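Take a look at the structure set out below.
Keep in mind that what you see is a predicted model, and the values were worked out from it rather than measured.
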Amino acid sequence: MVARNEGNLIFLTLYIIGVTYTFTKMIESIDDKIKFIFEKEVVDEQLKDKDLQNDIGISFRLSPSYFIDELKELSVSIENKSQNLALYVDWDNCSLVVEYNKQSRRVIRKSPDVTRDLGVPQSPSLIAPTKTLSAAVTAEDVFKLDELTKTYQVNTPLINISALEKSPVKAQRLLFQDFIDGKKQLKFSLQLVLRISELRVGLAPGENKPPMCIIDCPFTIKKLPWYYAMPWNRKR
């Protein structure tokens with residue numbers, strides 16, 4: 001009887017060790033995971049204020065979670081819901097603004113072709129009535145020239161969170177630690193410059209100048225807690 005109890009105790013101990021090890025590894029696997037949240041209701045309110053809620057739709061495709069510094073571009077979809085309006089996206093006047101350093105960065109619409117010159121003007125994208133434009137965009141300063149191929153490659157994350165940890169500015173180092181501890185969130189926004197023109201048969205080019213509107217698309221970045229690794233929380 002004593003031997004059986006000792007065997008059960010050993011089995012129970014090994015089981016607890018195994019569960020503890022698995023649980024610890026699960027916590028470690030989520031320790032550096034973050035989530036990007038698109039504040040869609042803010043964008044919808046802006047469109048409503050401009051009486052464009054029935055003409056324009058804006059959305060982003062994001063994964064449920066990312067490793068820190070994993071995200072290098074945003075996948076945006078802009079829908080022209082109207083029946084008679086031409087919608088243009090003026091890429092060269094769009095910007096990406098990071099709140100913690102108030103930096104405004106030039107937006108680059110990524111092309112399937114190799115990028116050899118970042119200085120060339122970007123042609124506006126036309127979105128015809130009832131059509132949707134999907135594009136990958138990033139910031140100009142994430143590119144670095146590859147000396148071997150003489151092309152520009154994405155070299156740094158869109159929001160360089162890790163850089164805060166080694167920043168010479170003490171406030172940014174403290175912000176990084178507060179972010180990792182889940183005490184603070186980071187914010188940035190993509191400012192889209194849109195031009196709208198009514199389609200008119202026989203209109204001379206340039207005669208009808210489309211009005212311009214700026215739609216601020218805000219994002220919040222938050223550190224995911226360890227319990228996000230639990231199966232019932234993975235899709236949250």
Begin from the C-alpha positions of Leu192 and Ile214 and carry the test side-chain contact (heavy atoms from CB on, under 4.5 Å) through to its verdict. CA-CA 6 Å; Leu192 291 173; Ile214 301 176; over 6 Å; no

Identify every side-chain donor-acceptor pair in residues 93-102 under 3.5 Å, counting partners at least two apart or on other chains, and give the distances.
residue	atom	partner	partner atom	Å
Asn93	ND2	Asp90	OD2	2.7
Ser95	OG	Gln191	OE1	3.2
Asn101	OD1	Gln103	N	3.0
Asn101	ND2	Gln103	OE1	3.3

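- Judged as a side chain to side chain contact (heavy atoms under 4.5 Å, CB included), and not counting sequence neighbours, the contacts of Pro157 are Asp69, Asn160.
- Ion pairing of Lys40 with Asp44 is present here, as a side-chain N (NZ or NE/NH1/NH2) and a carboxylate O approach within less than 4.0 Å.
- Residues Ile161 and Leu186 have side chains in contact (heavy-atom distance under 4.5 Å, counting atoms from C-beta outward).
- A donor-acceptor pair under 3.5 Å links the side-chain atoms of Asn80 to the main chain of Leu85, judged by distance alone.
- No side-chain heavy atom of Thr156 sits under 4.5 Å from any side-chain heavy atom of Phe143.
- For the side-chain hydrogen bond (donor to acceptor under 3.5 Å, both in side chains) test, residues two or more places apart in sequence or in another chain that qualify with Lys110 are Glu73.
- Side-chain contact check for Asn84 versus Pro129: every heavy-atom pair is 4.5 Å or farther apart.
- Of the residues listed (Leu52, Leu133, Leu194), the one engaging Leu87 in a side chain to side chain contact (heavy atoms under 4.5 Å, CB included) is Leu194, and it is the only one.
- For Asp55, the side-chain hydrogen bond (donor to acceptor under 3.5 Å, both in side chains) test picks out no residue, with sequence neighbours left out.
- Within 6.0 Å of NZ on Lys72 lie more than 12 heavy atoms contributed by other residues, nucleotides or ligands.
- The shortest side-chain heavy-atom distance between Ile127 and Val89 falls under the 4.5 Å cut-off.
- In this structure, the side-chain hydrogen bond (donor to acceptor under 3.5 Å, both in side chains) partners of Ser134, at least two apart in sequence or on a different chain, are Ser77.
- Across all their heavy atoms, Ala139 and Val142 have their closest contact at O-CG2, 3.1 Å.
- Across all their heavy atoms, Leu74 and Leu71 have their closest contact at CD2-CD2, 4.0 Å.
- Considering every non-hydrogen atom in both Lys222 and Gln185, the closest pair reads CB-NE2, 3.6 Å.
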Derivation of the side-chain contact (heavy atoms from CB on, under 4.5 Å) call for Gln46 and Asp216: CA-CA 8 Å; Gln46 293 175 66; Asp216 186 64; 3.7 Å; yes

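- Applying the salt bridge (charged side-chain N to carboxylate O under 4.0 Å, His left out) test to residues at least two apart or on different chains, the pairs with a partner in residues 174-189 are Asp178-Lys184.
- Checked against ring-ring contact (aromatic ring centres under 6.0 Å, His included), Phe176 has no partners two or more places apart in sequence or in another chain.
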Step-by-step side-chain contact (heavy atoms from CB on, under 4.5 Å) determination, Val76 to Ser59: CA-CA 6 Å; Val76 58; Ser59 61; over 6 Å; no

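- Under the 4.5 Å side-chain heavy-atom criterion for Ile, Leu, Val, Met, Phe, Trp and Tyr, Leu145 and Leu118 are members of the same hydrophobic cluster.
- Applying the side-chain hydrogen bond (donor to acceptor under 3.5 Å, both in side chains) rule to Ser75 yields no partners; only residues at least two apart in sequence or on another chain are considered.
- Phe188 places a side-chain heavy atom less than 4.5 Å from the side chain of Ile221.
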Before giving the answer on side-chain contact (heavy atoms from CB on, under 4.5 Å), spell out for Glu45 and Val43 the whole-Å C-alpha distance, their side-chain angles and the decisive distance to 0.1 Å. CA-CA 5 Å; Glu45 188 63 29; Val43 172; over 6 Å; no

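- For the pair Lys33 and Phe67, the minimum side-chain heavy-atom distance is below 4.5 Å.
- Looking at every heavy atom in both residues, Arg105 comes nearest to Leu158 through NH1-O, 2.8 Å.
- Remark: Tyr66 engages Phe36 in a ring-ring contact (aromatic ring centres under 6.0 Å, His included) (not counting sequence neighbours).
- Residues Ser125 and Tyr88 have side chains not in contact (no heavy-atom distance under 4.5 Å, counting atoms from C-beta outward).
- The structure places CD1 of Ile56 at 6.0 Å from CD1 of Ile215, a figure rounded to the nearest 0.5 Å.
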Side-chain atoms of residues 163-170: list all donor-acceptor pairs with protein atoms under 3.5 Å, sequence neighbours left out, distances to 0.1 Å.
residue	atom	partner	partner atom	Å
Ser167	OG	Val169	N	3.1
Ser167	OG	Gln172	OE1	3.0

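- With sequence neighbours excluded, the residues satisfying side chain to side chain contact (heavy atoms under 4.5 Å, CB included) with Gln122 are Trp91, Asp92, Arg106, Ile108, Arg109.
- Among residues two or more places apart in sequence or in another chain, the side chain to side chain contact (heavy atoms under 4.5 Å, CB included) test is passed with Glu41 by Glu39.
- Heavy atoms of other residues, nucleotides or ligands lying less than 6.0 angstrom from CZ of Arg173 number more than 12.
- Gln83 places a side-chain heavy atom less than 4.5 Å from the side chain of Thr130.
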